[in-house]
K.L.:
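Handing you a structure now.
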Amino acid sequence: SFKVDSTGTGTGVLGDEKILNTDQQGNTFFLQDNTRGDGIFTYDGENVSQNILNRPLRVIMRYLPGTLWSDADNVLNDSYDAAAVDAHYYAGLVYDYYLETFNRDSFDNQGAAIKSTVHFGQNYQNAGWLGEPLNQMMYGDGDGVEWLDFSGSFDVIAHEITHAVTDKTANLIYQDESGAMNEAMSDIFGVLAEYWAGLDPDWLMGEDIYTPGISGDALRSLSDPTALGQPDHYSDYLNTTADHGGVHTNSGIINKAAYLLSEGGNHSGVSVNGVGKDKMGDIFYRSLTQYLTENATFSQLRSAAIQSATDLYGSNSSEVTSVQQAFDAVGIN
Ligand SMILES: CCCCC[C@H](S)C(=O)N[C@@H](Cc1ccccc1)C(=O)N[C@@H](C)C(=O)O
Ligand SMILES: [Ca+2]
Ligand SMILES: [Zn+2]
């Protein structure tokens, strides 16, 4: 069908105004951004029952992605619109981050359409990337106390789109050490994208939507994972069957290594010379897209990062030394 680019406005989850790229069909406007790759599409999940995730795929595909978000006047200021406004706008920003920073055209580097469903489930307290065959993100509304709508935080959307990048590259199995690295990559590029966008950047995850009644907290910290219940050293790796082998816990070890590589510091008796966010991003991106395989271990990430730094800066570079220091500091050999 023909595409008619139009420009709308909307109010996000935190009450901020945004300009939106929409598509006009007749007198109706849709959250379809035709200006980026094969498009960015935002859908209404209409709060159908949340327990469809553990239903058979044929059942899930009856409900997802839902209906393409439509609006009568291209002004999306209703409270029900807010989650869609942010999912749509932030997905565009993350597309721009990957294109500008790594010359990557969407998550598959071939301009793949970026699809998001908001108002997924009922008071659903999570966001996620649903890989093949759906290849879309979904965002819950939270409960309004512990969580606001999950698309209201830029780092969440960068986290989820990075899962899509991971799936199309290293395809790290979502279990144990490879799963923890899968989660860590999503947090690390969530932070780097937030700094790139300049949206109140920090080394925290989810601070904008987590416990709106309490300021200063977050779901995870990359600068000090232990502050929010994660290990920051391999010796404290959590062996568990829960959460796919503790992928949201053990990611702290890799997150800490990335933080130290970028910012430097002394940790566990090891002094790390920081290389800065841009070089850390280049080293981790090259590791993810060129070297890691789906069953990679933490030790293999160390080797991949050393090889990536060698490729980028030379075998005797200070960057290679910093990579070795950062992984030493978190006990990964
Ligand atoms: C399909 C079901 C969900 C799978 C886990 C997704 S990828 C995930 O990791 N979601 C993030 C959401 C997030 C991201 C950044 C900041 C805050 C929250 C996550 O960390 N979820 C936590 C709550 C979890 O699943 O334990
Ligand atoms: Ca953040
Ligand atoms: Zn995740």
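Order of listing sets the numbers, starting from 1, for every ligand and every atom in it.
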K.L.:
Pairs under 3.5 angstrom only: tabulate donor-acceptor contacts from the side chains of residues 322-329 to other protein residues two or more places apart or in another chain.
P.N.:
unit_1: S322; atom_1: OG; unit_2: N273; atom_2: O; d: 2.6
unit_1: S322; atom_1: OG; unit_2: S318; atom_2: O; d: 3.2
unit_1: Q325; atom_1: OE1; unit_2: N273; atom_2: N; d: 2.9
unit_1: D328; atom_1: OD1; unit_2: R302; atom_2: NH1; d: 2.8
unit_1: D328; atom_1: OD1; unit_2: R302; atom_2: NH2; d: 3.2

K.L.:
Please could you name the atoms of ligand 1 that G206 approaches to less than 4.0 Å, counting only its heavy atoms?
P.N.:
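Those qualifying, in numeric order: 16 (C), 17 (C).
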K.L.:
Which is it for E207 and R220 under the salt bridge (Lys or Arg N to Asp or Glu O under 4.0 Å) test, yes or no, and what are the steps along the way?
P.N.:
CA-CA 8 Å; E207 68 283 349; R220 290 185 292 275; over 6 Å; no
K.L.:
Between D16 and K18, does any side-chain N to carboxylate O distance fall below 4.0 Å?
P.N.:
yes
K.L.:
Take atom CG of D38 as the centre, draw a 6.0 Å sphere, and report whether it contains more than 12 heavy atoms from other residues, nucleotides or ligands.
P.N.:
yes
K.L.:
With no hydrogens and no angle check, just 3.5 Å: does a side-chain donor-acceptor pair link S287 and S308?
P.N.:
yes
K.L.:
When you draw lines from the Zn ion (ligand 3) to NE2 of H163 and to OE2 of E183, what angle lies between them, to the nearest 10°?
P.N.:
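An angle of 90° at the metal.
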K.L.:
Specify the protein heavy atom at minimum distance from atom 1 (C) of ligand 1: its residue, its atom name, and the distance to 0.1 Å.
P.N.:
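Answer for atom 1 (C) of ligand 1: M138 CE, 3.6 Å.
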K.L.:
Using 3.0 Å as the threshold, say whether any N, O or S atom from D208 sits that close to the Ca ion (ligand 2).
P.N.:
no
K.L.:
What is the name of the N/O/S atom of H159 that is nearest to the Zn ion (ligand 3)?
P.N.:
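That would be atom NE2.
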K.L.:
Distance to 0.1 Å, residue and atom name: give those for the protein heavy atom nearest to atom 22 (C) of ligand 1.
P.N.:
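In this structure, atom 22 (C) of ligand 1 has N126 OD1, 3.8 Å as its nearest protein heavy atom.
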K.L.:
At under 4.0 Å between heavy atoms, which part of Y174 makes contact with ligand 1: side chain, backbone, both or neither?
P.N.:
side chain
K.L.:
Has P201 got an N, O or S atom lying less than 3.0 Å from the Ca ion (ligand 2)?
P.N.:
no
K.L.:
Provide the number and element of each atom of ligand 1 under 4.0 Å from a heavy atom of M205.
P.N.:
15 (C), 16 (C)
K.L.:
Only heavy atoms count here, so choose which of H248, E146, Q125 is nearest to atom 9 (O) of ligand 1.
P.N.:
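Going through H248, E146, Q125 one by one, H248 has the nearest heavy atom to atom 9 (O) of ligand 1.
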K.L.:
Quick test: of every protein heavy atom, which one is nearest to atom 7 (S) of ligand 1, and how far off is it to 0.1 Å?
P.N.:
H163 NE2, 3.2 Å
K.L.:
I'd like to know: is the Ca ion (ligand 2) within the 3.0 Å range of an N/O/S atom from D155, strictly under that distance?
P.N.:
yes
K.L.:
What protein heavy atom sits nearest atom 13 (C) of ligand 1, and how far away is it?
P.N.:
V156 CG2, 4.1 Å
K.L.:
With distance as the sole criterion, is a donor-acceptor pair present between the side chains of D155 and S153 under 3.5 Å?
P.N.:
yes
K.L.:
Give yes or no for whether the N/O distance cutoff of 3.5 Å, strictly under, is met between H159 and ligand 1.
P.N.:
yes
K.L.:
To the nearest 10 degrees, calculate the angle at the Ca ion (ligand 2) involving OE1 of E207 and OE1 of E194.
P.N.:
140°
K.L.:
For D143 and N123, does a side-chain donor sit closer than 3.5 Å to a side-chain acceptor?
P.N.:
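N123 and D143 do not have a side-chain donor-acceptor pair below 3.5 Å.
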K.L.:
Salt-bridged, D282 to K279, with N to O below 4.0 Å?
P.N.:
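No, this pair does not count.
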K.L.:
If you count heavy atoms of other groups shown closer than 6.0 angstrom to CG of N27, is the number above 12?
P.N.:
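No, CG of N27 has 12 or fewer neighbouring heavy atoms, counting only those of other groups under 6.0 Å.
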K.L.:
What is the closest protein heavy atom to atom 20 (O) of ligand 1, and at what distance does it sit?
P.N.:
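Nearest protein contact, heavy atoms only, for atom 20 (O) of ligand 1 is R220 NH1, 2.8 Å.
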K.L.:
Kindly confirm or rule out a cation-pi arrangement of K115 over F41, judged by NZ or CZ under 6.0 Å from the six-membered ring centre and within 45° of its axis?
P.N.:
no
K.L.:
Looking only at N, O or S atoms, which one in D202 sits nearest to the Ca ion (ligand 2)?
P.N.:
OD1
K.L.:
Answer yes or no: does an N/O atom from E183 fall short of 3.5 Å to an N/O atom of ligand 1?
P.N.:
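Yes, E183 has an N/O under 3.5 Å of an N/O on ligand 1.
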K.L.:
Looking at F154 versus W196, is the centre-to-centre ring distance below 6.0 Å?
P.N.:
no
K.L.:
Is the backbone of Q300 close enough, under 3.5 Å, to the side chain of T297 for a donor and an acceptor to pair up by distance?
P.N.:
yes
K.L.:
Starting from atom 2 (C) of ligand 1, locate the nearest protein heavy atom and write down its residue, its atom name and how far away it is, to 0.1 Å.
P.N.:
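The answer is Y124 OH, 3.7 Å.
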K.L.:
Distance alone, cut at 3.5 Å: any donor-acceptor contact between the side chains of T67 and D44?
P.N.:
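No donor-acceptor contact under 3.5 Å links the two side chains.
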K.L.:
Write out the residue and atom name of the closest protein heavy atom to atom 17 (C) of ligand 1, then the distance separating them to 0.1 Å.
P.N.:
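Looking only at protein heavy atoms, the one closest to atom 17 (C) of ligand 1 is L219 CD2, 3.6 Å.
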K.L.:
Kindly confirm or rule out an N or O of A127 lying under 3.5 angstrom from an N or O of ligand 1.
P.N.:
yes
